[in-house]
Structure formats: C-alpha cells, structure tokens
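Worksheet: one structure, shown below.
Because only heavy atoms are used, hydrogens play no part in the values below, and waters and symmetry mates are left out as well, while side chains stay in.
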Amino acid sequence: MKEKIKYTDEPMGRVKVIADFLPSPEELALKDETIKVTISLSKTSVDFFKKEAKKYNTQYQKMIRRLLDEYASHQ
C-alpha cells in the first residue's frame, strides 16, 4: 500500500439499504443438468470460441453451451 488509510469517526450521512440480489452460495454451487452430445463444428467456429475463451479465461465449450442455451431460451 502506498498510503496508510486514516479512518475518522465522522457521520456517514444518509444510508440506503439495498436488497440482496446476488445468488446464494447454494445456487452458485448447483450445476445445470447437462447431456453429452457429439457434434461436428467448423474449424473456424471452434478457433473463434477458443480465442475468445482464452481472452476471458474460461472454457470454450462452456461459451458454446451458453450461446446455445441463450438462443434456445428465446425461441
């Protein structure tokens, strides 16, 4: 740390309580039901998802699954 934080005993002013909107740890731990399938994709598509997944530090299969889930949910 560059500077030491100095805490004071001053009033904070008007405080607003915000409802908890984050999922619970139990909800985060649950995995969606999945089923294994075999699919042939173009090299171009797989290369794209691998590149993007690396950029966002995630798995390319997960990105493809999320894309398909999003598409299916809007049909």
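Applying the side chain to side chain donor-acceptor pair (under 3.5 Å) test to residues at least two apart or on different chains, none of the pairs has a partner in residues 5-21. Annotation: salt bridge (charged side-chain N to carboxylate O under 4.0 Å, His left out) contacts involving residues 48-60, sequence neighbours excluded, comprise E52-K55.
Chaining together hydrophobic side chains whose heavy atoms lie under 4.5 Å apart places F21 alongside L22. Members clustered with M12: V15, by chain and number, using a 4.5 Å side-chain heavy-atom cutoff among hydrophobic residues. Cluster note: I39 groups with L41, V46, F48, F49, Y60, M63, I64, L67, L68 through ILVMFWY side-chain heavy atoms spaced under 4.5 Å, whether in direct contact or through intervening members.
By the side chain to side chain donor-acceptor pair (under 3.5 Å) test, S42 pairs with S45, sequence neighbours left out. For T58, there are no side chain to side chain donor-acceptor pair (under 3.5 Å) partners at least two apart in sequence or on another chain. Residues satisfying the salt bridge (Lys or Arg N to Asp or Glu O under 4.0 Å) criterion with D47, sequence neighbours excluded, are K43. For T34, the side chain to side chain contact (heavy atoms under 4.5 Å, CB included) partners two or more places apart in sequence, or in a different chain, are R65.
For Q75, the CD atom counts as densely surrounded, since its 6.0 Å shell holds more than 12 non-hydrogen atoms of other residues, nucleotides or ligands.
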